[in-house]
Amino acid sequence: MNDTPPLPLYQRIYAIVRQIPAGKVATYGQIAKIVGGCTPRMVGYAMSATPTGSDIPWQRVINAQGKVSPHGDGFGTEMQRALLMEEGIAFDSQERVDFDRFGWLPD
DNA sequence: CGGCTGACTCTGG
DNA sequence: TCCAGAGCCAGCC
């Protein structure tokens with residue numbers, strides 16, 4: 001159904017991330033799979049292009065390891081973890097998120 | 001128009 | 001369970 005839309009790939013990725021409800025988290029691979037035709041890297045790169053303050057909950061996007069990806073120096077990573085906690089996401093001693101509880105399941 | 005950069009994932013040991 | 005290396009594509013200057 002999602003055939004190649006006239007919108008840029010990044011725009012498409014942003015649309016998917018935006019569909020993530022609060023209190024849930026999705027992986028780059030999951031997003032890439034939903035978008036289709038793009039690799040997990042593209043999703044991560046697209047996120048990097050997303051400025052903080054946008055309507056895009058990039059914070060709810062984490063890696064397949066269930067952990068937040070190490071951004072530049074790691075400062076943004078801490079903020080992301082804090083934001084997820086505000087959403088209601090819980091981290092274990094390994095700073096990992098349980099997809100079984102917070103994993104976003106697209107309709 | 002050409003080249004560089006970048007928030008990942010997978011497999012093997 | 002942790003560490004390492006390789007593959008991939010689009011956007012931007």
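Chain letters run A, B, ... following the sequence lines, proteins first, then strands; residues in each count from 1.
Contacts between chain A and DNA chain C, taken as any atom within less than 4.0 angstrom of a protein heavy atom, begin and end at C:dC2 to C:dG11.
The two residues A:I16 and A:W104 come nearest to each other via the heavy atoms O-CH2, 4.1 Å. When all heavy atoms are compared, the tightest approach of A:Y28 to A:P40 is CB-O, 3.9 Å. Nearest heavy atoms, A:V35 versus A:R12: CG1-CG, 3.8 Å.
Around CD of A:Q19, the count of heavy atoms belonging to other residues, nucleotides or ligands within 6.0 Å exceeds 12. Within 6.0 Å of atom CG in A:D92, more than 12 heavy atoms from other residues, nucleotides or ligands are found, so the atom counts as buried in its surroundings.
Looking at heavy-atom distances under 4.0 Å, A:R96 makes contact with sugar-phosphate atoms alone, never a base.
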Can you give me every donor-acceptor pair (side chain of residues 57-66 of chain A, partner residue at least two apart or in another chain, under 3.5 Å) with its distance?
from: A:Q59; atom 1: NE2; to: A:E87; atom 2: OE2; distance (Å): 3.4
from: A:R60; atom 1: NH1; to: A:I20; atom 2: O; distance (Å): 2.7
from: A:R60; atom 1: NH2; to: A:E87; atom 2: OE1; distance (Å): 3.1
from: A:R60; atom 1: NH2; to: A:E87; atom 2: OE2; distance (Å): 3.4
from: A:N63; atom 1: OD1; to: A:Q65; atom 2: N; distance (Å): 3.1
from: A:N63; atom 1: OD1; to: A:G66; atom 2: N; distance (Å): 3.2
from: A:N63; atom 1: OD1; to: A:K67; atom 2: N; distance (Å): 2.9
from: A:N63; atom 1: ND2; to: A:K67; atom 2: O; distance (Å): 3.0

For nucleotides 8-11 of chain B, tabulate all protein N/O to nucleotide N/O atom pairs closer than 3.5 Å, reporting atom names and distance.
from: B:dC8; atom 1: OP1; to: A:S69; atom 2: OG; distance (Å): 3.2
from: B:dC8; atom 1: N3; to: A:R41; atom 2: NE; distance (Å): 2.8
from: B:dC8; atom 1: N3; to: A:R41; atom 2: NH2; distance (Å): 3.3
from: B:dC8; atom 1: N4; to: A:R41; atom 2: NE; distance (Å): 3.2
from: B:dC8; atom 1: N4; to: A:R41; atom 2: NH2; distance (Å): 2.2
from: B:dT9; atom 1: OP1; to: A:A64; atom 2: N; distance (Å): 2.5
from: B:dT9; atom 1: OP2; to: A:A64; atom 2: N; distance (Å): 3.1

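Per the geometry, CD1 belonging to A:I13 stands 12 Å off C1' belonging to B:dG6, to the nearest Å.
In the hydrophobic clustering (ILVMFWY side chains linked at under 4.5 Å, chained through shared members), A:F75 stands by itself.
Secondary-structure annotation of DNA chain C gives the stems B:2-6 with C:9-13, B:8-13 with C:2-7, with a stem taken as at least 3 successive Watson-Crick or G-U pairs whose two distances both fall under 3.5 Å.
One distance of note links CG of A:L84 with CE of A:M79; it measures 10.5 Å at 0.5 Å rounding.
Applying the side-chain hydrogen bond (donor to acceptor under 3.5 Å, both in side chains) test to every pair with at least one member in residues 40-55 of chain A, sequence neighbours left out, gives these pairs: A:Y14-A:T50, A:R41-A:Y45.
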A:R81 and A:T77: CA distance, side-chain angles, deciding distance, side-chain contact (heavy atoms from CB on, under 4.5 Å) verdict: CA-CA 6 Å; A:R81 182 172 70 75; A:T77 311; over 6 Å; no
